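The structure appears below as C-alpha cells.
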Amino acid sequence: MDGQKKSLVIFDLDGTLLNTITDLGQAANYALSKNGYPTHHLSSYPHFVGNGIGKLIERVLPSDARTEAIIAKMRADFIEYYNEHLTDTTAPYPGIEDMLRDLQAAGVKMAVATNKYQDAATKLILHFFPYISWVSIAGQTDGVPVKPDPSVLFRILAEYPTPKADVMMVGDSGVDMETARRACVESTGVSWGFRSVAELTEAYADHIINAPDELVTLVGAD
C-alpha cells in the first residue's frame, strides 16, 4: 500500500466509532435470562462480539443449546431489548467527533460498514453523528454474508464509486482488517476498541493508530 491521500474512509461501528459493549452485553444477558440460561459478566463481551448477532448469540449460549430454533428465539429477544436500549450507555470514543468533523471539513467522504443489523446501525449513526454527510451506512442484512466477507464494502463502493487505491477501511478487529484485505483496500486498526493490538497485527493491518486524530494525518486530510 502506498499511503496516498484517501477520498473515502469506511468505518467499522462497534469498538471503532462507538463504545457499545455495555448495551450489547445487557441485551444479550436479557435474552439469556429470559430463556433460562446463565448470563455473562459484561467484561466477557468484547470477545463475543464482532461477527453479527447470530454469532454473538451462539457464543453466549451453552454449547448444548446452540440449536437453530434457540438461536432464532434468542435473537428476537435480543433485538426487542436492544432496539429500546441501544443508546442507554453507548457513546462515541474520545476524539471521534472531532476527527469526523475534521475529515468532513477536508472533503473526505465517509461510510460505515458494520456487522450490526441495519436498523440498529442506522439509528445509532443518525443519533450520534447527524452532522456527518455519510455516503453509506451499510449494516447486516438478510442473505448477505457478514464481514470478513467483503460484500459490505462492495455495497458501499457500488453506492459511492471510488477507486480502491483511494479507500481506507478503519476498524478495531482482525475481522475488519481481513475484510479490507479481501476487498483490496488499505486498512487501519484502532487500539482503543474491543480487540487487542496483537490481533490487529496478526491480521496484517497496514496501519495501527492510538488516537482518532492520527487518522486525519494518515489519510492526508490535515
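Quantities reported herein were computed from a predicted structural model and do not represent experimental measurements. For this chain, numbers begin at 1 and follow the sequence in order. Both backbone and side-chain heavy atoms feed into the values below; hydrogens, waters and symmetry mates do not.
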Exercise for the section: Locate the shortest heavy-atom distance separating Val144 from Ser151; write the atom from each residue and the value. Expected result: CG1-CB, 4.0 Å
Exercise for the section: Count the heavy atoms of every other residue, nucleotide or ligand shown that sit under 6.0 Å from CZ of Phe154, and state whether that count exceeds 12. Expected result: yes
Exercise for the section: May I ask you to test the Val167-Tyr160 pair for a side-chain heavy-atom distance under 4.5 Å? Expected result: no
Exercise for the section: Would you indicate whether Lys73, at its atom NZ, is surrounded by more than 12 heavy atoms from other residues, nucleotides or ligands within a distance under 6.0 Å? Expected result: yes
Practice task
Output yes when a side-chain donor or acceptor of Gln118 lies under 3.5 Å from a complementary backbone atom of Gly139, and no otherwise.
Solution key: yes
Problem - Pairs flagged by salt bridge (charged side-chain N to carboxylate O under 4.0 Å, His left out) wherever residues 156-165 is involved - sequence neighbours left out - result: Arg155-Glu159
Exercise for the section: State, without any angle test, whether Asp119 and Tyr82 hold a side-chain donor-acceptor pair at a distance under 3.5 Å. Expected result: no
Exercise for the section: Treat each ILVMFWY residue as a node, draw an edge where side-chain heavy atoms are under 4.5 Å apart, and state whether Val170 and Val49 are in one component. Expected result: yes
Handout entry: Thr22 and Asp88, any side-chain heavy atoms less than 4.5 Å apart
Key = no
Handout entry: Common cluster, Val185/Val135, ILVMFWY with side-chain heavy-atom separation under 4.5 Å
Key = yes
Exercise for the section: Output, in order, the C-alpha distance, side-chain angles, deciding distance and verdict of side chain to side chain contact (heavy atoms under 4.5 Å, CB included) for Leu17 and Phe128. Expected result: CA-CA 10 Å; Leu17 295 177; Phe128 286 104; over 6 Å; no
Problem - Check: Phe194 and Thr20 side chains under 4.5 Å, non-hydrogen atoms - result: yes
Completion exercise
Between the CG atom in Leu157 and the CG atom in Asp166, the distance rounded to the nearest 0.5 Å is 10.5 Å
Side-chain donor-acceptor contacts of residues 92-100 below 3.5 Å, not counting sequence neighbours, with atom names and distances?
from: Glu97; atom 1: OE2; to: Tyr131; atom 2: OH; distance (Å): 3.1

Problem - ILVMFWY network linking Tyr81 to Ile70, side-chain heavy atoms under 4.5 angstrom - result: no
Practice task
Would you indicate whether the side-chain heavy atoms of Val152 and Asn115 approach each other to under 4.5 Å?
Solution key: no
Practice task
State the CD1-CG distance between Ile137 and Leu126, to the nearest 0.5 angstrom.
Solution key: 4.5 Å
Problem - Side-chain ion pair, Asp176 and Arg195, N-O less than 4.0 Å - result: no
Handout entry: Trp192 and Ile209, any side-chain heavy atoms less than 4.5 Å apart
Key = yes
Exercise for the section: Start with the C-alpha distance between Asp23 and Leu86, add both sets of side-chain angles, then the distance that settles side chain to side chain contact (heavy atoms under 4.5 Å, CB included), and finish with yes or no. Expected result: CA-CA 6 Å; Asp23 289 334; Leu86 77 175; 5.5 Å; no
Exercise for the section: Verify, without hydrogens or angle tests, whether Glu199 (side chain) and Ser173 (backbone) share a donor-acceptor contact under 3.5 angstrom. Expected result: no
Exercise for the section: Would you confirm whether Glu202, through its side chain, and Gly174, through its main-chain N or O, come within 3.5 Å as a donor-acceptor pair? Expected result: no
Problem - Donor-acceptor under 3.5 Å (Lys147 side chain, Ala113 main chain) - result: yes
Fill in the blank from the handout: Residues passing the ring pair (Phe, Tyr, Trp, His ring centres under 6.0 Å) test with His47, sequence neighbours excluded, are none
Handout entry: Test item: Val108 and Lys6 side chains (from C-beta on) under 4.5 Å apart, heavy atoms
Key = no
Exercise for the section: Could you state whether Val112 and Val219 fall into the same hydrophobic cluster, counting links through intermediate Ile, Leu, Val, Met, Phe, Trp or Tyr residues with side-chain heavy atoms under 4.5 angstrom apart? Expected result: yes
Handout entry: Spacing of CZ belonging to Phe78 relative to CG belonging to Asn29, to within rounding of 0.5 Å
Key = 10.0 Å
Exercise for the section: Determine, stepwise, if the pair Leu215 / Leu103 fulfils side chain to side chain contact (heavy atoms under 4.5 Å, CB included). Expected result: CA-CA 9 Å; Leu215 184 65; Leu103 289 175; 4.2 Å; yes
Handout entry: Side-chain heavy atoms of His40 within contact of Tyr45, under 4.5 Å
Key = yes
Problem - Residues in salt bridge (charged side-chain N to carboxylate O under 4.0 Å, His left out) contact with Lys116, at least two apart in sequence or another chain - result: Asp14
Handout entry: Within-4.5 Å side-chain heavy-atom neighbours: Glu186 and His207
Key = yes
Handout entry: Hydrophobic cluster membership, Val146 vs Ile10, 4.5 Å side-chain cutoff
Key = no
Exercise for the section: Measure across Thr114 and Ala121 and return the closest heavy-atom pair with its distance rounded to 0.1 Å. Expected result: CG2-CB, 3.7 Å
Problem - Where Ala106 and Ala221 come nearest, the two heavy atoms and their spacing - result: CB-O, 3.4 Å
Handout entry: CH2 on Trp134 to CD1 on Ile156, rounded to 0.5 Å
Key = 10.5 Å
Problem - CG on Leu13 to CG on Leu124, rounded to 0.5 Å - result: 6.0 Å
Problem - Ser133 vs Gln104, side chain to side chain contact (heavy atoms under 4.5 Å, CB included): CA-CA, chis, key distance, verdict - result: CA-CA 8 Å; Ser133 300; Gln104 182 159 273; 3.7 Å; yes
Fill in the blank from the handout: Note: Asp77 and Ala31 closest approach over all heavy atoms is CB-CB, 4.0 Å
Problem - Side-chain donor/acceptor of Asn35 to backbone N/O of Tyr37, under 3.5 Å - result: no
Problem - From Thr188, Asp213, Asp206, residue fulfilling side-chain contact (heavy atoms from CB on, under 4.5 Å) relative to Leu218 - result: Thr188
Side chains of residues 56-65: which donor-acceptor pairs under 3.5 Å do they make with residues two or more places apart or in other chains?
from: Arg59; atom 1: NH1; to: Phe48; atom 2: O; distance (Å): 2.9
from: Arg59; atom 1: NH1; to: Asn51; atom 2: OD1; distance (Å): 3.1
from: Arg59; atom 1: NH2; to: Asn51; atom 2: OD1; distance (Å): 2.9

Problem - Minimum heavy-atom distance Ser191-Val197, with the two atoms named - result: CB-CG2, 3.7 Å
Handout entry: Considering all heavy atoms, the nearest Gly171-Thr16 contact
Key = CA-OG1, 3.4 Å
Exercise for the section: Taking salt bridge (charged side-chain N to carboxylate O under 4.0 Å, His left out) as the test, write out the residues that go with Arg182, two or more places apart. Expected result: Glu178
Completion exercise
In this structure, CD1 of Ile21 is separated from OG of Ser44 (nearest 0.5 Å) by 10.0 Å
